[in-house]
Amino acid sequence: MKRITSLLFILIWFPVLSYAQGAGNLMQAVLDGINSATLSDAQVAAYSRQAVQQMDAKNPVAGPNDPYTQRLNRIVSRHRTMGGLPLNYKVYKIADVNAFATADGSVRVFKGLMDIMTDNELLAIMGHEIGHVINHDSRDAMKRALRRSAIRNVGASTSGLIGQLSRSQLGGLADYLAGASFSRQQETEADDYSYNFLKRNGYNVMALATSFEKLAKLSGGKQGGRITTFLSSHPDSRTRAERIRTRARRDGLAR
Ligand SMILES: [Zn+2]
């Protein structure tokens with residue numbers, strides 16, 4: 001009986017260990033985090049970096065010579081930094097219409113999004129995502145997710161299920177990164193950040209409006225079951241596009 005239990009233990013743990021390889025530091029950090037009353041911004045950035053590394057390991061990342069990477073390089077070539085953050089971006093070759101940024105300033109853009117957006121629209125969306133980082137939305141959301149995970153994890157460890165729940169916890173953090181949703185106010189402020197970035201650098205600000213209009217069309221039409229995470233975490237695309245258009249008209253920038 002004991003032997004069977006041990007075998008089961010190994011069978012259950014093996015995939016958990018291979019999944020968590022390279023993520024041990026993150027797990028330890030999360031467990032340490034629960035012991036401290038507050039998570040510092042630097043800690044949150046470090047956890048975010050590790051979580052995004054996990055995402056990179058799990059997803060098909062476009063290589064340096066991939067046409068998608070080269071296109072994104074071209075699009076952001078004028079900008080080493082955005083809002084003082086060194087640009088750190090990669091393309092996931094996944095059909096989802098999605099993009100996200102994490103508290104450490106990492107930006108990940110999905111192939112599905114790149115396929116439907118123009119260069120300027122992609123820059124506008126990256127500006128929006130960086131806006132969430134600059135405005136500390138990403139940091140605050142990551143803090144909440146880390147606390148929740150740590151609490152779940154500690155609860156789990158007392159019942160001896162720490163391995164299994166660690167796996168779901170890791171998955172949860174990674175999923176969170178790709179689908180974090182913010183308040184309407186935070187979205188408006190991230191839109192404004194992007195608008196100001198485009199305006200300051202002489203780009204056509206209408207790209208922000210047209211990117212949202214494309215997203216609105218996607219959410220209205222049938223897309224053959226294509227997963228559109230960005231849409232579900234960014235509702236009201238049409239309203240937001242209209243707001244950008246109004247602002248552009250006021251600024252004499254509606255083209
Ligand atoms: Zn957003």
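Counting begins at 1 with the first residue of the sequence. Owing to the predicted nature of the structure, the values given are computational and were not obtained by experimental measurement.
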Minimal non-hydrogen separation, [X] against [Y], with atom names:
| X | Y | value |
| --- | --- | --- |
| Gln70 | Pro64 | CG-O, 3.7 Å |
| Gly202 | Arg255 | O-NH2, 4.4 Å |
| Met206 | Ala254 | SD-CA, 3.8 Å |
| Ala101 | Ser138 | O-OG, 3.9 Å |
| Glu121 | Ala207 | CG-O, 3.4 Å |
| Thr81 | Pro86 | CG2-CA, 3.9 Å |

In this structure, are over 12 heavy atoms from other groups packed under 6.0 Å from Arg80 atom CZ?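 Result for CZ/Arg80: open.
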Is a donor on one side and an acceptor on the other found under 3.5 Å between the side chain of [X] and the backbone of [Y]?
| X | Y | answer |
| --- | --- | --- |
| Ser194 | Asp191 | no |
| Lys214 | Ile116 | yes |
| Tyr193 | Gly83 | yes |

Any ion pair linking [Y] and [X] (charged N to carboxylate O, less than 4.0 Å)?
| X | Y | result |
| --- | --- | --- |
| Asp192 | Arg243 | yes |
| Asp66 | Arg71 | no |
| Arg74 | Asp119 | no |
| Lys111 | Asp115 | yes |

side-chain contact (heavy atoms from CB on, under 4.5 Å), that's the test. Do Val109 and Glu129 meet it? Break it down for me. CA-CA 10 Å; Val109 183; Glu129 290 301 316; over 6 Å; no
Distance check, rounded to the nearest 0.5 Å: [X] atom [atom1] versus [Y] atom [atom2]?
| X | Y | atom1 | atom2 | value |
| --- | --- | --- | --- | --- |
| Ile130 | Leu123 | CD1 | CG | 10.0 Å |
| Thr210 | Asn120 | OG1 | CG | 8.5 Å |
| Arg108 | Tyr89 | CZ | OH | 11.0 Å |
| His79 | Asn201 | NE2 | CG | 4.5 Å |
| Thr239 | Ile244 | OG1 | CD1 | 11.5 Å |
| Met82 | Asn88 | CE | CG | 12.5 Å |

Intermediate values then yes/no, side-chain contact (heavy atoms from CB on, under 4.5 Å), Thr69 and Lys93: CA-CA 10 Å; Thr69 305; Lys93 297 197 79 175; over 6 Å; no
Is there a side-chain contact between [X] and [Y] (heavy atoms, below 4.5 Å)?
| X | Y | answer |
| --- | --- | --- |
| Ser48 | Val44 | yes |
| Arg240 | His128 | yes |
| Gln53 | Arg49 | yes |

Ignoring hydrogens and geometry beyond distance, is a side-chain donor-acceptor pair present between [X] and [Y] at under 3.5 Å?
| X | Y | result |
| --- | --- | --- |
| Glu189 | Asn135 | no |
| Asp104 | Ser106 | yes |
| Gln50 | Gln54 | no |

Check the pair Val205 / Asp251 against side-chain contact (heavy atoms from CB on, under 4.5 Å), numbers first and verdict last. CA-CA 10 Å; Val205 295; Asp251 290 351; over 6 Å; no
Hey, what's the ring geometry for Phe110 with Tyr92, parallel, tilted or perpendicular (30° and 60° as the breaks)?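 Perpendicular, since the angle between the ring planes exceeds 60°.
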Start with the C-alpha distance between Leu122 and Leu113, add both sets of side-chain angles, then the distance that settles side-chain contact (heavy atoms from CB on, under 4.5 Å), and finish with yes or no. CA-CA 8 Å; Leu122 281 172; Leu113 185 76; 4.0 Å; yes
